[in-house]
Protein chains: 2
Amino acid sequence: MMQDRLIETAIDQFGRLGFDGASTRDIARASETAMSSITYHFGGKQGLYLACADHIAAKLRERHAPSMEMTKDAQELDRETAIERCLAIVDMLAQTMLHPDSEHWARFIVREQQAPTEAFERLYEGAMQAVLTGVRSLLERARPDIPRDELGAMAMLIFGQSLVLRAARATVCKALGATQLDEAEGALLRRHIRSNTLAILSGETQ
Amino acid sequence: MMQDRLIETAIDQFGRLGFDGASTRDIARASETAMSSITYHFGGKQGLYLACADHIAAKLRERHAPSMEMTKDAQELDRETAIERCLAIVDMLAQTMLHPDSEHWARFIVREQQAPTEAFERLYEGAMQAVLTGVRSLLERARPDIPRDELGAMAMLIFGQSLVLRAARATVCKALGATQLDEAEGALLRRHIRSNTLAILSGETQ
DNA sequence: GTCTATACTACGATAGAC
DNA sequence: GTCTATCGTAGTATAGAC
């Protein structure tokens, strides 16, 4: 399908060059079609951009479906199980950030975070919101000492350890003395993320 | 000075729109000068871009000079003092990420992280490297159980909690149910960053 | 040093053939 | 549904007046 082909290419180009930097000419050429196909299928550059956001949200939702399953019965879990599930979800997120496939669309998302447009709403409501809500309900069991309205903040701070692997990838590589993050570095980082998160979640219950 | 005026405007525009999205016409107009001033002072758009990176590095270096002072004698510190200083530096970083002034240049940096150019080298060598090295030496005292070649990774993961406040600002706001991060949200986040980091640094020494 | 004027290139959108 | 051709706009760079 030509539409998917265009979207895949566009996510890469938009992520790399930004909305203005990317050119519909180049996207069409790389997809081996005419520029006017974009007008036909998506109505224009803006329409293609939003279609990219929807596509990414769907991928994300699919990828984190197993994590979501683990948060369904959060209310009934004991503390240790809740902690263990949090660790599993955080590790899943870390793996996503380390996975080469995430390179293209992660750039797209990070860009939207800086200057949110309608595309960010689609990303958030289409995928992020569910993960955030799920983890929040697990944190409620794992850290009953924390007020409920502060759990969202805690979730984001914990996620930060994983998100930094994409959002500040260049610096992470420098810090590790590596040119890229492959199997060895990934394992090391995941190990530390796990033990750090465990330390945080095992914190005082008062 | 017209050069500074152009740089300030350019950091904002480049950060917001990316290298291609920003236009020298607009930057010149917003700086109330002619477009050809950019050619004269910086040689062209690319030169202006690199000058922005140098300017940001200098600002960062200045801002974190006190933190750097605290890492000078890291070798001689006892564990508790090393931990306390780490917490202070991490809090300083969090404050930087929360400070409204960082909005403009933080966007610039995050952009460079995604697709590093020569500007990233200038940012890293001009400012980030020193902070990273300093914190690594503190971590060596705070967590003697961690192999030395893994301390860079640890530093970045800990920083991640603060960096996420800029890199994923839009999602952080959603998670807090806020439209922006002001005094109240900032205090809450800093408090949790501190206690999370303390939990991590107080970890097993084997 | 700073301006105006201009040359040249590339962009997105669209009309119309097939 | 996909192509080619073209229009109008906006980009950077540069030459030359002051």
Side-chain angles (χ1 to χ4, degrees), chain A residues 1-56 104-105 107-108 111-112 114-120 122, chain B residues 1-56 104-105 107-108 111-112 114-120 122:
Chain A
M1 197 114 79
M2 183 49 70
Q3 312 191 13
D4 290 341
R5 186 108 180 251
L6 280 167
I7 287 177
E8 292 286 350
T9 312
I11 288 172
D12 181 31
Q13 299 276 330
F14 282 135
R16 203 187 304 276
L17 306 165
F19 183 81
D20 298 285
S23 101
T24 52
R25 274 184 161 84
D26 288 349
I27 292 170
R29 182 171 25 230
S31 306
E32 290 175 311
T33 184
M35 187 181 51
S36 49
S37 301
I38 292 172
T39 312
Y40 179 77
H41 287 295
F42 306 101
K45 193 184 194 182
Q46 180 72 15
L48 175 58
Y49 189 76
L50 292 177
C52 288
D54 290 334
H55 188 79
I56 291 171
H104 297 91
W105 53 260
R107 274 199 278 251
F108 189 103
R111 229 170 247 283
E112 273 297 317
Q114 306 304 300
T117 67
E118 188 190 332
F120 178 74
R122 299 200 185 194
Chain B
M1 198 114 78
M2 184 48 70
Q3 312 189 14
D4 290 341
R5 185 105 180 256
L6 280 167
I7 287 177
E8 292 288 349
T9 313
I11 287 172
D12 181 32
Q13 299 276 331
F14 282 134
R16 204 186 303 276
L17 306 165
F19 183 81
D20 298 284
S23 103
T24 52
R25 270 182 163 86
D26 290 348
I27 292 169
R29 181 172 25 228
S31 306
E32 291 175 310
T33 183
M35 189 182 50
S36 47
S37 302
I38 292 172
T39 312
Y40 179 76
H41 286 296
F42 306 101
K45 193 184 193 182
Q46 180 72 17
L48 175 59
Y49 189 76
L50 293 177
C52 287
D54 290 334
H55 188 79
I56 291 171
H104 297 92
W105 53 260
R107 274 199 277 251
F108 189 102
R111 230 170 246 284
E112 272 298 316
Q114 305 306 298
T117 67
E118 188 190 332
F120 178 73
R122 300 200 185 194

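Note that the structure is predicted; figures quoted are calculated from it, not measured. Below, each value reflects all heavy atoms present in this structure, side chains not excepted, and no hydrogens, waters or symmetry copies. Residue numbers start from 1 in every chain, and the chains themselves are labelled A, B, ... in the order their sequence lines are given, proteins ahead of strands.
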Interface with DNA chain D, restricted to residues 27-38 of chain B and to heavy atoms under 4.0 Å: M35(B), S36(B)

Distance test, side-chain N/O of Y40(B) to OP1/OP2 of dT2(C), below 4.0 Å: no

Sub-4.5 Å side-chain heavy-atom contact between Q114(B) and R16(A): no

Sugar-phosphate, base or nothing in reach of T39(B), heavy atoms under 4.0 Å: base

Along DNA chain D (nearest heavy atom to each residue), the more 5'-positioned of H41(A) and D20(B): H41(A)

Value rounded to 0.5 Å, distance of CD in Q46(A) from CD in E118(A): 7.0 Å

Worked verdict on Y49(A) versus F108(A) for ring-ring contact (aromatic ring centres under 6.0 Å, His included): CA-CA 10 Å; Y49(A) 189 76; F108(A) 189 103; 4.8 Å; yes

Point-to-point distance, once rounded to the nearest 0.5 Å, from CD1 of I7(B) to CE of M2(B): 12.0 Å

Length of the line joining F14(A):CZ and dC11(C):P, which is rounded to integer Å: 13 Å

Between dC11(C) (C1') and L48(A) (CG): distance, integer Å: 15 Å

Separation of atom CZ in F42(A) from atom P in dG12(C), rounded to whole Å: 15 Å

Euclidean distance, S31(B) OG relative to Q13(B) CD, rounded to 0.5 Å: 8.5 Å

Nucleotide nearest S23(A) (side chain, heavy atoms from C-beta), chosen from dT2(D), dT2(C), dC11(C): dC11(C)

Y40(A) side chain to Q3(A) side chain, donor-acceptor N/O pair below 3.5 angstrom: no

Separation of atom CZ in R5(A) from atom P in dT2(D), rounded to whole Å: 11 Å

